[in-house]
Amino acid sequence: YPPYLPTSFGKVTLKKDQADLLTRRMEALLSASRLKDYVDAHGGKRVLKRILIANNGMAATKAIMSMRQWAFLELGSQSELEFVVMASKDDLEANAEFIRLADAYVEVPPGKNTNNYANVNLIVQTAIKERVDAVWPGWGHASENPALPKALSEAGIVFMGPTAPVMHALGDKIASTILAQSSKVPCIPWNGDGIMAEIQSDGSIPEEPFKKACLQSYEEALECVRRIGYPVVLKASEGGGGKGIRKCTNDEELKVGWEQVTAEVVGSPIFMMQLCTGARHLEVQLVGDEYGQVVALIGRDCSTQRRFQKIFEEGPPTVADKDDFREAEKAAQRLAMSVGYRGAGTVEYLYKPDNKGFYFLELNPRLQVEHPVTEGITGVNVPALQLQIGMGIPLERVPDIRRFYGIDPNGDSKIDFLEDKYIYPDRHVIAARITAENPDDAFRPTSGRIERVRFQSSPNCWGYFSIGHSGAIHEFADSQFGHLFATGPTREHARKALQLALKNILIVGEIRNPTEYLVELAETKEFKENTIDTAWLDKLIAEKAVNVKFNINDMVFYGACLKSFLHMKAAKDEIVDGIKRGHLPLETTLSSMQAFQVEIAYNSVKYNFQVLCTGPDTFCLTINDCDIEARFRRQPDGSLYVRAGDRVAQISGVEEPMAMRLRVEGRG
């Protein structure tokens, strides 16, 4: 207690600052009591109140939002939890949203993520110094580095994810595939077919089965391909980023591929698997607790990919039969249970619609970017579920999980997660990633300032963004800064809701974004009919088969309007500047404001407009003996309202080195 409080409680008069301090301390005591009462009531072991978010951007933003929402809905106050974030100078200067949402931030070195968010030693030291109860890793950065949970465990701090040995085992492509087939998870035909093993305490598998699953020579690879057949993929298990992987369709390519793979990742174990063509990418969302239970929260279809980067995500997967997908869920659960998986993870499958076959890809030992799709179809707050698992609450005692199974959320009855049936969703969710990428330049990442993002949520579409007003995407940031989620009773309803949301979003700034491209992509015949595969989008991009549709005449006219306005503004600014310096405006300057020419070039065609100023805010634009009267009105945000006849459009544009980038909003 503060020294000014008496030991006997009579009438006490406190100064305002003393009263405020006492109030805060009493609120903290009450908050800790509420959280402890919840943990005790639901069979938990420990209270996690102060949490370090070892991430940035979208991950950190979503984590804080979700866990705060849970605290308010379940405990009645958002202040039940405290969030500490790591913040680089780059993120601070970019006005990153996650820093604003946090209770406290610790400034960390700028630059690439090995300096900050992927630096295990820095994360652990920050956690110790800030006296946090737990660390939330998110995705990317250090989220899949076994050194992080190991170091935190040694420091007595909870890691909200799997243990280090489990993460180590799942991080090895050969070991994880052996563990998967040992749990009767269907796998793609590969050189290690039929090899079984169990995980050891250090996260490895026995040496003998591991060696049997490795190719030792080109001759062994050739012998294997005679069994599984071409085409195949030759991989170095320690490869990544495009290194140590080759597609082979004949013996000659296999020989060359073997030499290249072994040279690119020297000393790495090599394995080979059949190339699965015409497949979909389906995944199962898993969450395990520390008591050996694992729940499958249905799954997602992430087949719309560009260079293995997901563009659209949706759920539940409608391309597979419900019963078939349930078997895939059970197989994923068996794998997770066999290794003692704890926390959120995802089993990824390739699915062949022609033979209804599921084939194991990997178990990602972390939360996925697209987890809100699962939240939308199950009603389970996944980051909050991670928190409760970290507090030692059994899965069957978590209210969201019990609601998912349609039973009393406050009950304590047992749930058999392999056999009991959950309530299948009556809705579909489709998500779209909003990125700072240029679809006109092979989706090349861009960076720069973002003046504002305008997005209006609706009952069937919501979204969140990692950038606030006057923010930025810096050179070390992930290109994704937003995520939209549309829902409806059917996939078609959700698709239309997503298109409408993408059409209405406004992003103003120096970056490029693909929202218009995504509208057209969602309108393609293959996407509407759900007949795509994982190679579909890359093929469309290579063929430039998807183009943003607009009226060329409109774009040329509004481009001329914007140039006319900018010409007049520049002339007025010149006159005002001259008057301030005591100079009268030149006659040539005044005449150039009355009548002038504007040239617009598009697709190698030049359009020459004669422009006549007919009033303070009205112009007559003439082209090919056609006169168009237009009235301009500048808005506080720098955009321009243009009225021509009975049409009104809001336009804005940026002069770039090679062209003018124009945005037109309005209905004709």
Side-chain angles (χ1 to χ4, degrees), residues 144 146 162 164-248 251 253-255 257-276 279 328 331-332 334-341 345-350 352 357-365:
E144 296 182 66
V166 171
M167 189 179 288
H168 175 79
L170 296 174
D172 184 279
K173 299 179 180 70
I174 295 175
S176 63
T177 306
I178 293 174
L179 290 170
Q181 63 189 22
S182 299
S183 298
K184 298 181 180 179
V185 179
C187 297
I188 299 171
W190 70 303
N191 64 284
D193 283 339
I195 298 173
M196 304 293 181
E198 292 184 2
I199 189 172
Q200 301 183 124
S201 59
D202 63 352
S204 65
I205 63 172
E207 185 177 359
E208 183 181 350
F210 185 85
K211 280 188 174 180
K212 284 179 65 178
C214 299
L215 294 171
Q216 304 299 330
S217 65
Y218 163 70
E219 287 71 26
E220 283 190 18
L222 194 60
E223 183 181 345
C224 176
V225 84
R226 296 288 180 258
R227 176 175 60 84
I228 65 177
Y230 288 113
V232 296
V233 176
L234 200 61
K235 289 185 178 182
S237 68
E238 296 172 5
K243 287 186 176 181
I245 180 170
R246 288 295 184 278
K247 173 185 173 182
C248 308
D251 292 356
E253 288 183 2
L254 181 63
K255 186 174 183 179
W258 177 267
E259 294 171 352
Q260 292 173 331
V261 168
T262 53
E264 287 178 356
V265 191
V266 178
S268 170
I270 308 295
F271 68 106
M272 181 171 63
M273 61 176 56
Q274 192 178 77
L275 181 63
C276 194
R334 289 195 301 270
L335 170 59
M337 292 167 68
S338 73
V339 299
Y341 193 87
T346 303
V347 168
E348 297 185 350
Y349 289 105
L350 287 178
K352 294 275 287 183
F358 283 88
Y359 304 100
F360 174 78
L361 273 178
E362 61 181 327
L363 197 168
N364 280 319

Working to the nearest 0.5 Å, report the span between [atom1] of [X] and [atom2] of [Y].
X: E264; Y: E259; atom1: CD; atom2: CD; result: 12.0 Å
X: I178; Y: I199; atom1: CD1; atom2: CD1; result: 12.0 Å
X: D202; Y: H168; atom1: CG; atom2: NE2; result: 6.5 Å
X: L234; Y: C224; atom1: CG; atom2: SG; result: 9.5 Å
X: L350; Y: C187; atom1: CG; atom2: SG; result: 11.0 Å
X: E198; Y: S183; atom1: CD; atom2: OG; result: 9.0 Å

Would you check if [X] and [Y] make a side-chain contact, meaning some heavy-atom pair closer than 4.5 Å?
X: P365; Y: V166; result: no
X: F360; Y: L179; result: no
X: P206; Y: Q200; result: yes
X: Q181; Y: I195; result: yes
X: F210; Y: S204; result: no

Grab the two heavy atoms, one from [X] and one from [Y], that are nearest each other, plus how far apart they are.
X: V232; Y: M272; answer: CG2-SD, 3.6 Å
X: N191; Y: A213; answer: ND2-O, 2.8 Å
X: R334; Y: K184; answer: NH2-O, 3.2 Å
X: C248; Y: L254; answer: SG-CA, 3.7 Å
X: K352; Y: Y359; answer: CG-CE1, 3.6 Å
X: I188; Y: D193; answer: O-OD1, 4.0 Å

From the options I174, V265, I270, select the one residue that forms a side chain to side chain contact (heavy atoms under 4.5 Å, CB included) with E238. V265

Carefully, step by step, assess V185 and Y349 under the rule side chain to side chain contact (heavy atoms under 4.5 Å, CB included). CA-CA 10 Å; V185 179; Y349 289 105; 3.8 Å; yes

So does [Y] get a backbone contact from the side chain of [X], meaning a donor-acceptor N/O pair under 3.5 Å?
X: R246; Y: Q260; result: no
X: E220; Y: L215; result: no
X: N364; Y: V347; result: no
X: S237; Y: K173; result: no

Evaluate I228 against W190 for side chain to side chain contact (heavy atoms under 4.5 Å, CB included), listing each step before the verdict. CA-CA 7 Å; I228 65 177; W190 70 303; 5.6 Å; no

